[in-house]
Amino acid sequence: MRTTIIITAKIQDEFMELILEGRKKHEIREEPFNGAQAIRYVSSRDGRELGVYRIIDTFEIPRSRKESVIGISAIGAQQFHSLFPDRDDDDRQSLWIAQLGAATTVDELLSGK
């Protein structure tokens, strides 16, 4: 038996447009991807499914080095800092980055294509 892990993530519609345009090629989150093979995006505005994308690779960086990933975020520094503020008081001291691959479907993922 093969296990397929798909993460469902809320995303602002404007950021999804960047993925569709090919400008946003990495997903940055405060939680690890835990071996996921794909991300299923849903609109943070209305919950509709926006697309499923394969994950090529993932890596972790310390939050203290977050300046080094602003360039791959496809958004401006001010917006990046509002999404990922400095945190001194909790366990989220890392950022997790996934390199996005091609669009896919849940059926394709489950069939091993």
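Under the side chain to side chain contact (heavy atoms under 4.5 Å, CB included) criterion, K10 pairs with V42, S44, sequence neighbours left out. Checked against ring-ring contact (aromatic ring centres under 6.0 Å, His included), Y41 has no partners two or more places apart in sequence or in another chain. A search for salt bridge (Lys or Arg N to Asp or Glu O under 4.0 Å) contacts involving R54 returns nothing, not counting sequence neighbours. Residues passing the side chain to side chain donor-acceptor pair (under 3.5 Å) test with E60, sequence neighbours excluded: S94. Partners of E30 under the salt bridge (Lys or Arg N to Asp or Glu O under 4.0 Å) rule, at least two apart in sequence or in another chain, are R63, R87, R92.
Sorted by first and then second residue, the pairs that involve residues 62-83 and meet ring-ring contact (aromatic ring centres under 6.0 Å, His included), not counting sequence neighbours, are F80-F84. Identified under the salt bridge (charged side-chain N to carboxylate O under 4.0 Å, His left out) test for residues 33-44, with sequence neighbours left out: R40-E49. For residues 64-81, the pairs satisfying salt bridge (charged side-chain N to carboxylate O under 4.0 Å, His left out) are K66-D86, with sequence neighbours left out.
In this structure the side chain of I75 never reaches within 4.5 angstrom of the side chain of I70, judged on heavy atoms. Taking the side chain as every heavy atom from C-beta outward, I61 and V69 approach each other to under 4.5 Å.
V106 belongs to a hydrophobic cluster whose other members, connected by ILVMFWY side-chain contacts under 4.5 Å either directly or through intermediates, are I6, V52, L109, L110. In the hydrophobic clustering, where aliphatic and aromatic side chains (Ile, Leu, Val, Met, Phe, Trp, Tyr) are joined below 4.5 Å either directly or transitively, I56 stands alone.
Atom CD of Q37 is separated from atom CD1 of I7 by 9.5 Å, given to the nearest 0.5 angstrom. Going from atom OG1 of T104 over to atom CD1 of I39 covers 13.0 Å, rounded to the nearest 0.5 Å. The line from CG of D57 to NE2 of H26 is 8.5 Å long, rounded to the nearest 0.5 Å.
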Pairs under 3.5 angstrom only: tabulate donor-acceptor contacts from the side chains of residues 11-20 to other protein residues two or more places apart or in another chain.
{"from": "D13", "atom 1": "OD1", "to": "S43", "atom 2": "OG", "distance (Å)": "2.7"}
{"from": "D13", "atom 1": "OD2", "to": "R45", "atom 2": "NH1", "distance (Å)": "3.4"}
{"from": "D13", "atom 1": "OD2", "to": "R45", "atom 2": "NH2", "distance (Å)": "2.7"}
{"from": "D13", "atom 1": "OD2", "to": "R48", "atom 2": "NH2", "distance (Å)": "2.8"}
{"from": "E14", "atom 1": "OE1", "to": "Q79", "atom 2": "NE2", "distance (Å)": "3.4"}

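Considering all non-hydrogen atoms of both residues, T58 and A98 come closest at CG2-CB, 3.9 Å. Closest non-hydrogen pair, S73 versus I28, comes out as CB-CD1, 3.7 Å.
Placement of I97 and I5 in two distinct hydrophobic clusters is found when ILVMFWY residues are connected by side-chain heavy-atom separations under 4.5 Å, directly or transitively.
Ion pairing between K24 and E21 fails under the 4.0 Å rule for side-chain N and carboxylate O.
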